[in-house]
Amino acid sequence: MDIILVEKKESLSNITLVAIEAALAAGELLRQGFGTNFSISSKEGRHNLVTEYDHKAEKLILDFISQNVPNSHFLAEESGFSGKDKGGICWIVDPLDGTVNFAHQIPTFAVSIAAQRQGKIISGVIFLPITHELFVAEIGKGAFLNGQEIRVSQVRSLEESILATGFPYDLAKNPFHCIDHFTDILKVGIPIRRMGAAAIDLAYTAAGRFEGFFEVELAPWDVAAGKLLVEEAGGKVTSWDNTLFDIHSRATIFASNGHIHNSVSAILNRTV
Ligand code: IPD
Ligand code: CA
Ligand code: CA
């Protein structure tokens, strides 16, 4: 495990290092559980699944962080808000992003942990346990994949781009006219991917694998770490109408390499 950290360890803050250790440990737990016979149930909506590993990984992360960083409080997907806000770090945690993949034995899932101080995300860590890819960002220090600095792609034209998207669990209600906007993007005729894990979509955008990623109704734990990764890698994250993106809004998000931002957001912002 340590091999992927050695190169950058000295320059990262203790907060980031704790997030990394928690993500690696939770990722290892998920890796061991992947493909085994675990319990699966539905949350709100038939397709919004939760497995025993979502809960196990979340407990591991919260326990580890509480023991290592005093005055921590949490916003985590399965347990909501916990701990007292004593002016310390608020940790925003998705213990298993891509639960539907995990439950269907599709090896595309991640642990996502962000640290927020005074309303600002200062560290973001996304770990993919199957491919063993550790994405780390720290405010003002850049973004890294397994210790190597990453930058967003330098592609400038939409025609040469590849985009990623995802769909909310209430897709049938067409929130934010997302089906219409998806169709508009399809008509551009470029490759579109649907990974099934927003944290991975954002990490891949930061690493230049995608030129951009758009979705609606994501929760703070889906996007907090990934937003910092994209920004620290030189990209841009906004709402579909190109205004400030608030991680708590559960509205629209568009993350990109910056170069294709205006052309895509013009399509996503079209009146339908
Ligand atoms: C989901 C994934 C998916 C996105 C959903 C999210 P979960 O998170 O990020 O890609 O489309 O909106 O809820 O439930 O697997 O943690
Ligand atoms: Ca998620
Ligand atoms: Ca989750």
Side-chain angles (χ1 to χ4, degrees), residues 1 4-5 8 12-13 15-31 34 53-54 57-58 60-62 64-65 74-77 89 91-102 106-116 121-139 141-152 164 166 193-210 212-213 215 218-235 237 245 247 253 255-257:
M1 285 278 176
I4 54 185
L5 295 179
K8 276 281 140 212
L12 295 172
S13 72
I15 295 297
T16 305
L17 294 177
V18 168
I20 289 171
E21 269 200 70
L24 291 177
E28 180 56 20
L29 178 84
L30 296 178
R31 198 186 60 75
F34 181 65
Y53 277 93
D54 296 72
E58 184 163 307
L60 184 155
I61 294 165
L62 269 56
F64 181 84
I65 292 174
F74 300 91
L75 170 57
E77 177 166 16
I89 302 290
W91 299 86
I92 304 175
V93 177
D94 192 336
L96 170 44
D97 188 46
T99 297
V100 174
N101 286 344
F102 186 85
I106 298 166
T108 307
F109 55 88
V111 179
S112 176
I113 302 177
Q116 190 179 44
I121 307 291
I122 55 169
S123 304
V125 173
I126 294 173
F127 180 50
L128 283 71
I130 304 298
T131 54
H132 218 77
E133 290 176 300
L134 177 70
F135 293 88
V136 175
E138 189 170 305
I139 194 156
K141 291 197 182 159
F144 306 90
L145 165 55
N146 292 352
Q148 300 293 315
E149 182 150 28
I150 49 173
R151 300 294 295 168
V152 290
R193 293 290 177 271
R194 198 284 202 238
M195 305 299 287
I200 296 178
D201 294 316
L202 288 163
Y204 278 19
T205 302
R209 295 173 182 178
F210 297 140
F213 161 66
E215 194 168 342
L218 289 170
W221 44 80
D222 297 316
V223 295
K227 177 177 186 284
L228 184 66
L229 265 158
V230 172
E231 289 171 346
E232 285 295 321
V237 183
F245 172 69
I247 61 165
I253 180 171
S256 85
N257 65 358

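None of these values were measured; they are calculated from a predicted model. FYI, side chains are in, hydrogens and waters are out, and symmetry mates aren't considered; it's all heavy atoms of this structure.
Closest heavy-atom contact between S256 and V230: O-CG1, 3.9 Å. When all heavy atoms are compared, the tightest approach of A115 to I89 is CB-CG2, 3.7 Å. The nearest pair of heavy atoms linking R194 to G166 is NH1-CA, 3.9 Å. Counting all heavy atoms, side chain and backbone alike, A114 lies closest to A224 at CB-CB, 3.6 Å. The two residues G142 and E232 have their closest heavy-atom pair at N-OE1, 2.8 Å.
The CG atom of L218 sits 13.5 Å away from the NZ atom of K227 when rounded to the nearest 0.5 Å. Atoms CZ and CG, on F144 and L134 in that order, are 11.5 Å from each other to the nearest 0.5 Å. To the nearest 0.5 Å, atoms CD (E77) and OG1 (T99) are separated by 6.0 Å. The line from CD1 of I106 to CE of M195 is 11.0 Å long, rounded to the nearest 0.5 Å. Rounding to the nearest 0.5 Å places CG of N257 at 15.0 Å from CZ of F213. Here the CD1-CD distance, from I139 to Q116, works out to 10.5 Å after rounding to the nearest 0.5 Å.
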query: Do I92 and I247 pass the side chain to side chain contact (heavy atoms under 4.5 Å, CB included) test, and can you show the C-alpha distance, the side-chain angles, and the key distance before you say yes or no?
result: CA-CA 10 Å; I92 304 175; I247 61 165; 3.7 Å; yes
- request: Check the pair Y204 / I150 against side chain to side chain contact (heavy atoms under 4.5 Å, CB included), numbers first and verdict last.
  value: CA-CA 10 Å; Y204 278 19; I150 49 173; over 6 Å; no
task: Would you please test V93 and W221 for side chain to side chain contact (heavy atoms under 4.5 Å, CB included) and show each step?
output: CA-CA 5 Å; V93 177; W221 44 80; 5.8 Å; no
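Within the 3.5 Å criterion, the main-chain N or O of S13 finds a donor-acceptor partner in the side chain of E138. The backbone N or O of H132 sits less than 3.5 Å from a side-chain atom of N146, completing a donor-acceptor pair.
Side-chain contact between F34 and Y53: absent, with no pair of heavy atoms (C-beta onward) separated by less than 4.5 Å. Within the 4.5 Å cutoff, no side-chain heavy atoms of L202 are placed close to those of L229.
Of the N and O atoms on the side chains of S112 and D97, not one donor lies less than 3.5 Å from an acceptor on the other residue.
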I'd like a table of donor-acceptor pairs (distance under 3.5 Å, sequence neighbours excluded) in which one partner is a side-chain atom from residues 121-131, with atom names and distances.
residue	atom	partner	partner atom	Å
S123	OG	T16	OG1	2.7
T131	OG1	E133	OE1	2.9

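The ring pair (Phe, Tyr, Trp, His ring centres under 6.0 Å) check on F245 picks up nothing, with sequence neighbours excluded. With sequence neighbours left out, A22 forms a side-chain contact (heavy atoms from CB on, under 4.5 Å) with I61, F64, I65, I113.
Below 30°, between 30° and 60°, or above 60°: for F102 and F109 the angle between ring planes is above 60°, a perpendicular geometry.
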